[in-house]
Amino acid sequence: MASDADQGRALSFDAVAAQYAAARPGYPSDLFDAVEELAGRTLVGADVLDCGAGTGIATGLLCERGARVVALEPGAGMAAELRRAEPEVPLVRGEGNRLPFASGSFDVITYAQAWHWTDPACSVPEALRVLRPHGVLALWRNHADLGVAWVAAEEDRLAPFIHSRPMNVPVVFAPFPVRVTTREIAWSRRIAVEERIRNLATLSHFVVMDPVERAELLGLNRTALTRLFPDGELDEPYRCVLTLVRPTDIQA
Ligand SMILES: C[S@@+](CC[C@H](N)C(=O)[O-])C[C@H]1O[C@@H](n2cnc3c(N)ncnc32)[C@H](O)[C@@H]1O
């Protein structure tokens, strides 16, 4: 069960929703190729439920791949941004631990950067209930690529303040009748140093931090990055980790 602090962080994004939409990274097309390959089906025409859809970053990319997407989002601020970005996409206010959908409604359920906010004891059975036979659950997350020196140095500077919530895949899914496959995709985007700072400021730990402390930490980081990248731009490298979960107790 999530602690009160975790619950507060889970919905903290509402306070920075516009900045989140502008500064957070997207996901590479290789990721969606991998979803299709591991799922053994195309996204074109698939009924997809995008859970924890936030401002619609993954939702929009799924639509571009030809999926028929329904977005699910608990936060009012994030939902308002999603309505602006993807006005055609049906949006349902709700959360992954109690999916407000009938059993067998979707071919694919996705959680982009959002699964770690759910309680797997509830969200796994709910996903399995709402998936159609042969449906799949696809979870992914952009991790900072610590193999790159400046990212590792930044992590050392900021780690005491931004503990991420790692997912132990074998432990999380072991109790359930599922088969799990993972894939890691390296990618990067070129952005201004200032955009890196704006991106970091939307991480939940920074959002809930005392504003003076936040400004001080991000300021220190800006100074370090500006020294490293005097032309004001950097390649922001990610390792996007995909976990594809397939129910095993379906009738063939
Ligand atoms: C880091 S954002 C990811 C947003 C979007 N999927 C993306 O790729 O940018 C996490 C989102 O999960 C939502 N969230 C928090 N708790 C949740 C829950 N229990 N079920 C579903 N979504 C949740 C938050 O409101 C937030 O919009």
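Note that ligands are numbered from 1 as they come in the structure, with each ligand's atoms numbered from 1 the same way.
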Ligand 1 contact on Met78 by region, counting heavy-atom pairs under 4.0 Å: side chain
Per-residue contact class, Trp117 against ligand 1 - non-hydrogen pairs under 4.0 Å: both
Which protein non-hydrogen atom lies closest to [atom], naming both residue and atom, and how far is it?
atom                    : value
atom 14 (N) of ligand 1 : Pro74 CG, 3.6 Å
atom 13 (C) of ligand 1 : Glu73 OE1, 3.7 Å
atom 8 (O) of ligand 1  : Tyr27 OH, 2.4 Å
atom 19 (N) of ligand 1 : Glu95 OE1, 2.9 Å
atom 2 (S) of ligand 1  : Tyr20 OH, 3.2 Å

With Trp140, the ring-ring contact (aromatic ring centres under 6.0 Å, His included) member among Trp115, Tyr111, Phe32, Tyr238: Phe32
Consider every N or O of [X] and every N or O of ligand 1, then say whether any pair is closer than 3.5 Å.
X      : result
Gln113 : no
Gly52  : yes
Tyr111 : no
Ala114 : no
Thr55  : no

Using side-chain heavy atoms (C-beta onward) and a distance below 4.5 Å, is [X] in contact with [Y]?
X      : Y      : result
Thr55  : Phe13  : no
Asp47  : Arg132 : yes
Val178 : Arg246 : no
Phe206 : Leu217 : yes

Contact summary for Pro247 and Leu131, nearest pair of heavy atoms: CG-CD1, 4.4 Å
Step-by-step side-chain contact (heavy atoms from CB on, under 4.5 Å) determination, Phe101 to Val92: CA-CA 10 Å; Phe101 300 98; Val92 177; 3.9 Å; yes
Glu194 CD to Leu225 CG distance, which is reported to the nearest 0.5 Å: 10.0 Å
Within 6.0 Å of CZ in Arg190, more than 12 heavy atoms from elsewhere: yes
Which of the atoms in ligand 1, numbered in the order shown and given with their element, are less than 4.0 Å from a heavy-atom of [X]?
X     : value
Ile57 : 9 (O)
Gly96 : 18 (C), 20 (N), 21 (C)
Gly54 : 4 (C), 27 (O)

Main-chain N/O of Ala46 paired with Arg68 side-chain donor or acceptor, under 3.5 Å: no
Option from Val193, Asn142, Asn199 for which side chain to side chain contact (heavy atoms under 4.5 Å, CB included) with Glu236 holds: Asn199
Option set Gly77, Ala10, Ala76, criterion heavy-atom distance to atom 24 (C) of ligand 1, minimum: Ala10
Non-hydrogen atom of Cys51 closer than 4.0 Å to ligand 1: no
